[in-house]
Amino acid sequence: MSTSELALPEAFYARDPRTVARDLLGMSLVRLLDGKRLTGTVVEAEAYLSEGDPAAHSHRGRTPRNGSMFERPGTAYVYAIHGRWCLNVSTEAEGVASAVLLRALEPLSGLDAMRTRRGGRKDRDLLSGPAKLCEALAVARHFDGHDLTAGHTLWIEPPRTPPPDLEVVACPRIGVTSAKDLPLRFCIAGSPWLSKPAPAPTA
DNA sequence: ACGGGGATCGGCT
DNA sequence: GCCGATCCCCGTA
């Protein structure tokens with residue numbers, strides 16, 4: 001069907017996951033579903049590093065599950081945790097295991113479909129968590145290995161009207177049991193759409 | 001408003 | 001069999 005020319009290219013993802021996570025803030029995630037366009041603005045993302053990061057799934061080497069983390073930058077890595085799906089993007093370089101986890105989005109379009117899929121929860125809770133956004137956008141295991149740079153069915157693109165001067169805060173990641181203190185969670189400061197509040201930016 | 005605990009299930013030991 | 005890169009419900013204030 002349709003293919004978007006706007007999808008962020010491999011070169012965007014072929015950088016340090018911290019840089020990619022920060023630069024993804026303000027971008028639009030687009031999901032084509034049943035002829036409808038469901039979109040949201042990325043407001044929260046976490047980096048998982050290829051080296052010195054015991055919280056990364058790839059820390060103990062390649063397995064059948066985490067293989068997409070090693071694929072070319074811009075490849076989707078979808079994994080299950082506690083019976084739910086979460087969406088990552090592979091970063092850095094092919095053969096190097098690093099990724100950015102999409103943790104929260106601000107709803108932009110296709111809200112009715114999202115509300116249906118999320119069981120009529122408050123709009124505030126449609127996309128405010130890594131597994132919530134996957135449920136709202138119908139992202140599941142079949143997207144593991146999907147090429148997000150192809151502009152097909154699921155991709156990320158720049159916003160129509162670029163927001164002026166985004167204020168970004170970095171803080172520790174949510175839910176990890178190791179490497180708790182690394183400031184690898186990146187949020188748009190003051191956004192009401194985060195999975196959890198983030199500290200105020202240090203002036 | 002906030003925090004504790006249970007549900008849930010695929011992947012790995 | 002155990003352990004999560006989670007979510008939701010149900011207590012308390």
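Residue numbers start from 1 in every chain, and the chains themselves are labelled A, B, ... in the order their sequence lines are given, proteins ahead of strands.
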Asks: Which parts of nucleotides 6-13 of chain C does protein reach within less than 4.0 Å, heavy atoms only, written one letter per nucleotide 5' to 3' as B for base, S for sugar-phosphate only and - for none?
Replies: BSS-----

Asks: Drop me the distance from L38(A)'s CG to L105(A)'s CG, to the nearest 0.5 angstrom.
Replies: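 Separation between the atoms: 11.0 Å.
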
Asks: Select base, sugar-phosphate, or nothing to describe what R185(A) touches, counting heavy atoms under 4.0 Å on all strands.
Replies: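 Answer is nothing: R185(A) stays at 4.0 Å or more from every strand.
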
Asks: Residues in side-chain contact (heavy atoms from CB on, under 4.5 Å) with L108(A), at least two apart?
Replies: S28(A), T39(A), T41(A)

Asks: Would you sort out whether D125(A) and K122(A) count as a salt bridge (charged side-chain N to carboxylate O under 4.0 Å, His left out), showing the intermediate values?
Replies: CA-CA 5 Å; D125(A) 290 325; K122(A) 295 177 306 180; 3.7 Å; yes

Asks: Identify, residue by residue, the members of residues 53-78 of chain A with a heavy atom below 4.0 Å from DNA chain B, and return them in order of residue number, or none.
Replies: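 Hits under 4.0 Å, by residue number: T63(A), P64(A), R65(A).
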
Asks: Can you give the dot-bracket line for DNA chain B, where a pair is Watson-Crick or G-U wobble with both atom distances under 3.5 Å, crossing pairs use [ ], and | marks a partner on another strand?
Replies: |||||||.||||.

Asks: Starting at atom CG of L184(A), determine the distance to atom C1' of dA5(C), rounded to an integer number of angstrom.
Replies: 12 Å

Asks: Without hydrogens or angle criteria, can the side chains of S58(A) and N66(A) be said to hold a donor-acceptor pair below 3.5 Å?
Replies: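 Absent: no donor and acceptor within the cut-off.
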
Asks: So, for L25(A) and E44(A), which heavy atoms are closest and what is the spacing to 0.1 Å?
Replies: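 Reported closest heavy-atom pair: CD2-N, 3.6 Å.
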
Asks: Is a salt bridge present between K36(A) and D34(A), judged by a nitrogen-to-oxygen distance below 4.0 Å?
Replies: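 Between D34(A) and K36(A) there is no salt bridge, as every charged N stays at least 4.0 Å from the carboxylate O atoms.
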
Asks: Which residues satisfy the salt bridge (charged side-chain N to carboxylate O under 4.0 Å, His left out) test with R15(A), sequence neighbours excluded?
Replies: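 Salt bridge (charged side-chain N to carboxylate O under 4.0 Å, His left out) list for R15(A), sorted by chain: D23(A).
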
Asks: Residues in side-chain contact (heavy atoms from CB on, under 4.5 Å) with S98(A), at least two apart?
Replies: P17(A), S50(A), T91(A), E92(A)

Asks: In sequence, state the C-alpha distance, the side-chain angles, and the governing distance for R62(A) and E71(A), and then conclude on salt bridge (charged side-chain N to carboxylate O under 4.0 Å, His left out).
Replies: CA-CA 11 Å; R62(A) 186 168 188 150; E71(A) 296 301 330; 2.9 Å; yes

Asks: Any donor-acceptor pair under 3.5 Å linking the side-chain atoms of S191(A) with those of E106(A)?
Replies: no

